[in-house]
Every structure is written in structure tokens, then in C-alpha cells.
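First the structure, in the form of C-alpha cells, and then the observations on it.
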Amino acid sequence: FARMGSRALWSSEFRWGEIAREMRMTSNYFWPTINGVVYYDKPLGTYWLVVLASYITGGVTEISARLPCAMAGLAGVAFMMLITRRLYDARSALLSGFILATSFSVVFFSRNASADVETVTGELAALLLFIHHEDSQDGWWVIWLWAIMAVTSQMKGLLGFVLPIIVIGLYCTLANGWRELGENILHGPFAERVKWLVGRNRWLFNRKSLIAVALGLAIYDVPFAISEHLNDKLKGLHMVWRGKVGRTRCPCGEASAATTSGKATTRAGTDRRRCAHRDVAAAPHAPRKPQKCVAHRVRPRYFPRRAPFT
């Protein structure tokens, strides 16, 4: 927290500060804009946190833009220590907290306005909840688990759902080692294999999870539905998804709502499309040979494409 507001916002930090400022100025907290142009690159959660912090600090400043990440970073260290204490002992918990708190990336992103630290902290909170109820996997606590994952997904995207589900699923499946997994998955009738897999993941395959999943998805979708209803425009969920998928098609980072110059634009209605490796005039009436981004030609095939939920 020391000297957190001593330097100006830089790089992508300006987005959180400007979107929060315009939300307060227009009193429209469901339509993120930069210079009056919609910028729905991420869900609304992190912008709301900056707005909330601005009421504490007295306005949208460098401190209010970075305060949510700093608080999330501190909470993330505490959650990590509690998880380690539950799995191992107090000494290991203290070491895990010290290692995480002194890691460069954790300190860096905890002192910069972004959506990454909030996402990591939410995922740790979901894992901590599961660890505390590991012995009663079919309890009503799964509702809180899916609610936490839904709120976490409002920070940056569906990674708030995907990563905890993968981690918890692998943890339960491999609880007794690879040998048991191989014996039950590779041998026996198919129905018995499925039954064993379901039995190892009762936290997911039970009746209470049906309610929990529906509630989690509703929590995630409600802000987008309100945004569409209030603004009578393109649904925000579609715009977030389009922005994520669009970046998977161009490794140079061409987004649907921003350019490298930092000025917000939209794909529809613009006269030019900018990319880090090209600047091609969008003239559909003039026939020309299709041009391809240089990065597409030189990208190694063994580099995986970015997942749309990250």
C-alpha cells in the first residue's frame, strides 16, 4: 500500500480509471465507456470495485484505481495460508504466505489496476471453501461455491468458473493416486467407470448442484441482462465474448473495442482497422487482395491459441 498513488496511471491502467470516472459522471454503472464509446472488453466487476473505492478516496484517482487490486492481493495471501494450513501445517502455511507475498508478479499486479489479482483471489476463495467441506461434498455449501465462482467470473471472464472446476475435479479424482485412477478408469464395464468417476466428484454430481449451477449462471448473467435492458443496445455478454474470441484469431492483439493508441473504437462503423502489424483501410467497395497480419505468417504452430475464457 506504500506510495500506491505516487505515480500516474500507465499502460492498460487508464481503462479502469477512465471507465470508472465515466460511470460516475453518467450514473450508468452498466455500460462501460471510454470517451463516450462503449468498451465492453471485460465484465463489470472490476470497474464497480474502482467506483466503490472512489467513494472511499473522494474521487477517481490513482489510489482508487489500484486499491481493489491491493486489497485483493492481501486477501489472496490470507486465503493461500488458510488453504495450506488446512492441507499441511502452520509452518507450511507461513512459508506459502511469505512466498506468495514476495513473488514479483503478485506484488506488481497488486499495485496496478487490472482484473488479474481479483480473479486469482476469487479462485482461491472457492478452493478454500471446498477444502473446508471436502468430507461432505454433497452439502448445501456448493451453492456458495458456485456463487463465488460467478462473482469471480464477473472480474475477468469465465476463468472464474473453469479453473476451480478443473482443480477441484482433478483433486478429487486423483485423491488416492494415479494407480487407483488407472485401475478404475481403464478396467471394468463402462458403467462402472462412470459410476466411480461420479462418486469421486459428488460435489458436482448431486441434486443440490443443479440449483447451485443455475444460481451461479444467473448471478453471472444478471449484470449483462440489466445492461442490455437499460441501454437497449447489443448485449454486453456477447461483446465480452466477441472481444475474447477475436483476440484468439489474431496473436498481435487486435481487439474489437480498442487500438494500440489507447483510443476506444468499435469494429462496426469505423473507417479503418488498426493492428500492431498493419493499418489497412476498410473499403469493401474497392476490390483488393486480402492482406494477412505478419504475425499470422510467422507464428509457430506449437504455440497454443489463447482460450476464450481467459
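What's counted below: heavy atoms across the whole structure, side chains too, no hydrogens, waters or symmetry copies.
Looking only at distances, a side-chain donor or acceptor of Thr121 sits under 3.5 Å from a matching main-chain atom of Ala72. Side chain of Asn206 to main chain of Arg202: a donor-acceptor pair is present (N/O by atom type, distance under 3.5 Å, no hydrogens or angles). In this structure a side-chain-to-backbone donor-acceptor pair under 3.5 Å is present from Lys208 to Asp138. Under a 3.5 Å cut-off, the side chain of Ser153 and the backbone N or O of Met149 do form a donor-acceptor pair.
The pair Asp116-Lys156 meets the salt-bridge criterion, with a side-chain N (NZ, NE, NH1 or NH2) lying under 4.0 Å from an Asp/Glu carboxylate O.
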Pair Asp41-Arg15, salt bridge (Lys or Arg N to Asp or Glu O under 4.0 Å): steps then yes or no: CA-CA 10 Å; Asp41 184 59; Arg15 292 182 293 175; 3.6 Å; yes

Full working for side-chain contact (heavy atoms from CB on, under 4.5 Å) between Ser12 and Ser114: CA-CA 8 Å; Ser12 62; Ser114 66; 5.8 Å; no

Criterion side-chain contact (heavy atoms from CB on, under 4.5 Å) on Ile219 and Gln154, from CA distance to verdict: CA-CA 9 Å; Ile219 293 174; Gln154 273 293 332; 5.9 Å; no

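The hydrophobic cluster containing Trp48 also contains Ile148, counting ILVMFWY residues as joined when their side-chain heavy atoms lie under 4.5 angstrom apart, directly or transitively. Clustering ILVMFWY residues whenever any of their side-chain heavy atoms sit less than 4.5 angstrom apart, transitively, puts Ile99 in a cluster other than the one holding Leu128. Linking ILVMFWY side-chain heavy atoms closer than 4.5 Å, directly or via other members, places Val151 and Met71 in two distinct hydrophobic clusters. Under the 4.5 Å side-chain heavy-atom criterion for ILVMFWY residues, no single connected hydrophobic cluster contains both Met81 and Phe98. Phe14 is connected to Val51 through a chain of hydrophobic side-chain contacts under 4.5 Å among Ile, Leu, Val, Met, Phe, Trp and Tyr, so both are in one cluster.
When all heavy atoms are compared, the tightest approach of Leu100 to Gly76 is CD2-O, 3.9 Å. Scanning both residues, Ser96 and Thr84, for their nearest heavy atoms gives OG-OG1, 3.1 Å. Residues Ala115 and Lys42 come closest through the heavy atom pair CB-CD, 4.1 Å. Taking each heavy atom of Pro223 and Phe30 in turn, the nearest pair found is O-CD2, 3.7 Å. What you find for Trp141 and Ser136 is that their closest heavy atoms are NE1-O, 2.6 Å. Residue Ser110 comes nearest to Gly73 through the heavy atom pair OG-CA, 3.6 Å, listed as atom of the first residue, atom of the second, then distance.
A 4.5 Å side-chain heavy-atom check between Arg200 and Phe205 finds every atom pair outside the cut-off. Counting heavy atoms from C-beta outward, Arg24 and Tyr55 have side chains that approach closer than 4.5 Å. Looking at heavy atoms from C-beta onward, Trp10 lies in side-chain contact with Asn112 at the 4.5 angstrom threshold. Taking 4.5 Å as the limit, every side-chain heavy atom of His133 sits out of range of all side-chain heavy atoms of Val142. Inter-residue side-chain proximity for Pro32 and Leu44 is flagged as met; some heavy-atom pair is nearer than 4.5 Å. Looking at heavy atoms from C-beta onward, Ser227 lies in side-chain contact with Asn231 at the 4.5 angstrom threshold. Val107 has its side chain out of reach of Thr102: every pair of non-hydrogen atoms, C-beta onward, lies at least 4.5 Å apart. Side chains of Phe108 and Ser103 form no contact here, defined as non-hydrogen atoms less than 4.5 Å apart.
Between Trp203 and Phe130, the ring planes are perpendicular. Angles over 60° get that label, and only those under 30° would be called parallel.
The distance from atom CH2 of Trp140 to atom CG of Leu145, rounded to the nearest 0.5 Å, is 14.5 Å. Here the CZ atom belonging to Arg86 is positioned 8.0 Å from the CD1 atom belonging to Ile131, to the nearest 0.5 angstrom. To the nearest 0.5 Å, atom CE of residue Met23 and atom CD of residue Glu18 are 11.5 Å apart. In this structure, the separation between CH2 on Trp146 and CG on Leu217 is 6.5 Å, given to the nearest 0.5 Å.
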Throw together a table of side-chain donor-acceptor distances under 3.5 angstrom for residues 157-175, partners on residues two or more places apart or in other chains.
from	atom 1	to	atom 2	distance (Å)
Tyr171	OH	Glu134	OE1	3.3
Tyr171	OH	Glu134	OE2	3.0
Thr173	OG1	Gly169	O	2.7
Thr173	OG1	Asn201	ND2	3.3

Which pairs of donor and acceptor atoms, one on a side chain in residues 60-67, lie under 3.5 Å apart (sequence neighbours left out)?
from	atom 1	to	atom 2	distance (Å)
Thr61	OG1	Ile63	N	3.4
Thr61	OG1	Ser64	N	3.4
Ser64	OG	Gly59	O	3.3
Ser64	OG	Thr61	N	2.7
Ser64	OG	Thr61	O	2.9
Arg66	NE	Glu13	OE2	2.8
Arg66	NH1	Met4	O	2.7
Arg66	NH1	Arg7	O	3.0
Arg66	NH2	Arg7	O	3.3
Arg66	NH2	Ala8	O	3.0
Arg66	NH2	Glu13	OE1	3.0

Name every donor-acceptor pair, under 3.5 Å, that has one atom in a side chain of residues 180-192 and the other anywhere in the protein, sequence neighbours excluded.
from	atom 1	to	atom 2	distance (Å)
Glu180	OE1	Asn176	ND2	2.9
Asn184	ND2	Glu180	O	2.7

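When each of Tyr40, Trp31, Tyr39 is paired with Ile19, the side-chain contact (heavy atoms from CB on, under 4.5 Å) condition holds for Tyr39 and for no other.
Within a 6.0 Å radius of CH2 in Trp144, no more than 12 heavy atoms belonging to other residues, nucleotides or ligands are found. Within 6.0 Å of CZ in Arg85 there are 12 or fewer heavy atoms belonging to other residues, nucleotides or ligands.
With hydrogens and angles left out, the side-chain atoms of Glu118 and Thr46 include no donor and acceptor closer than 3.5 Å.
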